[in-house]
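Treat the numbers as computed from the prediction; the structure is a model and nothing was measured. Here is the naming used below: chain letters follow the sequence lines, and residue numbers restart at 1 for every chain.
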Protein chains: 2
Amino acid sequence: MNIGLAAKHSNVNAKTIRYYESIGLIPDASRTGNGYRTYSDKDVETLRFIHHSRNLGFSVKDVGTLLDLWRNQKRASADVKALALSHIKEVDRKIEELRKVRDTLTHLTQRCHGDDRPDCPILKGLAGETVDA
Amino acid sequence: MNIGLAAKHSNVNAKTIRYYESIGLIPDASRTGNGYRTYSDKDVETLRFIHHSRNLGFSVKDVGTLLDLWRNQKRASADVKALALSHIKEVDRKIEELRKVRDTLTHLTQRCHGDDRPDCPILKGLAGETVDA
DNA sequence: GATAAGGGTTCCAGAGACTGGAAGGTCAAC
DNA sequence: GTTGACCTTCCAGTCTCTGGAACCCTTATC
C-alpha cells in the first residue's frame with residue numbers, strides 16, 4: 001500500500017512516517033517503479049506500535065529501544081519493564097509538578113475579583129508579592 | 001548592574017535574558033561605554049515576574065500579555081483572570097492526560113514478570129493486543 | 001609588560017518532534 | 001485533456017532555549 005493508506009491504517013501522519021524514516025526510526029521503505037513508498041501490513045503494525053508508544057509519552061529515542069526489544073525474540077522482559085518503570089516515574093514527576101502549578105494558579109485566581117478594577121492578586125503573585133489566603 | 005548579576009538576582013539565565021531581548025519580550029537593554037548591557041532593579045523585577053510566570057507554565061507569548069497587563073495601570077483584572085483560568089483549564093487537561101497514561105503504563109507493568117523471559121505484556125500492549133487484568 | 005581569570009559581546013547551530021509550504025511528478029476517472 | 005487526489009523532495013518554521021566558537025574588556029597578579 002502507499003503511504004497515505006499506511007498513514008490511515010496506523011494513525012501516523014504520512015509526513016510523520018517520512019520523518020521517522022529520515023531519522024532512522026523505521027527502515028527506508030521499498031519503492032515501486034514510480035518512486036512511491038510501499039508498506040506491508042507488518043509495516044503498518046510497526047507504525048501502530050510506534051503510535052501507541054508515542055501516545056504513552058515515550059520519547060522517539062525510547063520508542064527506538066522498545067522497537068528493538070519488540071523485534072528481538074531473545075529479549076528479557078526485565079529490560080522492557082525497567083524502561084516502562086522509569087517512564088512512569090517521570091510521568092509521576094510531571095503530574096506532581098502540574099498539580100503544584102494548578103494549586104498556585106487556583107489560589108491566585110480565587111483571590112482575583114476579575115472585574116474592571118485594576119487590582120489583581122494574580123499579577124501581584126507573579127511579581128513575587130505574597131498573596132495571603 | 002551587568003547581565004550576570006541581573007541573571008543571578010532574577011534566576012533567569014544570562015543567555016535567556018539575551019534571548020528574551022532578541023524576541024522582544026523585554027525591551028533592548030541600555031549599554032555602557034564598553035557595550036555591556038545594564039540592568040536596573042526594576043528590570044530585575046520584570047525578569048523575576050517572567051521567571052515566575054514561566055514556572056507556572058505560561059507560554060512566552062502569554063507572559064508578554066501578562067507583562068503588558070502588569071505594566072498597564074488601567075488594566076481590568078478580568079483580563080488577567082481570564083488568561084489564568086484558561087491556563088488552569090489547560091493544565092487540568094494535561095494532568096488528566098498524564099493520569100491516563102500512568103494508569104495504562106501501570107496496568108501493563110504490573111502484568112510484566114520483568115525477568116529474563118521474553119514474554120512481555122508491555123510490548124504486547126504497545127503492539128495493540130489486549131492485556132487483560 | 002605579559003598573562004590569566006572571569007566577565008562581557010556576536011552569531012550560528014542544535015535540541016525534539018514534527019508540520020507547512022512550494023514545486024513538481026504520477027495516476028485514475030471523466 | 002484536464003481535473004483532482006495522490007505521491008516526491010527540500011527547505012523553513014514551530015517553541016524555548018542552550019551550547020559553542022571567536023572575540024573584546026577589566027582586573028589582578030607575577
For B:R102, the salt bridge (charged side-chain N to carboxylate O under 4.0 Å, His left out) test, sequence neighbours excluded, returns A:D92

The first and last nucleotides of DNA chain D lying within contact of chain B, meaning any atom under 4.0 Å from one of its heavy atoms, run from D:dT16 to D:dT26

Q. Is the side chain of B:R75 donor-acceptor paired with the backbone N or O of A:P118 at a distance under 3.5 Å, no angle test?
A. yes

Margin query: Taking A:C112's backbone N and O only, do any of them form a donor-acceptor pair with B:S77's side chain (distance below 3.5 Å, no angle check)?
Written below: no

Could you give the side-chain donor-acceptor pairs of residues 60-72 of chain A under 3.5 Å, partners two or more places apart or in another chain?
| from | atom 1 | to | atom 2 | distance (Å) |
| --- | --- | --- | --- | --- |
| A:T65 | OG1 | A:K61 | O | 3.4 |
| A:N72 | OD1 | A:K74 | N | 2.8 |

Residues pairing under side chain to side chain donor-acceptor pair (under 3.5 Å) where one sits in residues 5-25 of chain B, two or more places apart or in two chains, turn out to be B:E21-B:R37

Across all chains, not counting sequence neighbours, the salt bridge (charged side-chain N to carboxylate O under 4.0 Å, His left out) partners of B:D119 are B:K124

Is there a side-chain contact between A:R31 and the phosphate of C:dT26, meaning an N or O under 4.0 Å from OP1 or OP2? no

Would you confirm whether A:H51, through its side chain, and A:L47, through its main-chain N or O, come within 3.5 Å as a donor-acceptor pair? no

Note: contacts of residues 7-28 of chain A with DNA chain D (heavy atom, under 4.0 Å) are A:R18

Sorted by number, residues from residues 33-48 of chain B placing a heavy atom under 4.0 Å from DNA chain C are B:G35, B:Y36, B:R37

With sequence neighbours left out, the residues meeting salt bridge (charged side-chain N to carboxylate O under 4.0 Å, His left out) with A:D115 are A:R117

What residues 49-67 of chain A contributes to the DNA chain C interface at heavy-atom separation below 4.0 Å is A:R54, A:S59, A:V60

Output for pair (A:L126 CG, B:L56 CG), nearest 0.5 Å, gives 6.0 Å

By side-chain hydrogen bond (donor to acceptor under 3.5 Å, both in side chains), B:E45 pairs with (sequence neighbours left out) none

Applying side-chain hydrogen bond (donor to acceptor under 3.5 Å, both in side chains) to A:N2 and not counting sequence neighbours gives none

Here the ring-ring contact (aromatic ring centres under 6.0 Å, His included) pairs for residues 71-99 of chain B, sequence neighbours left out, are B:F58-B:H87

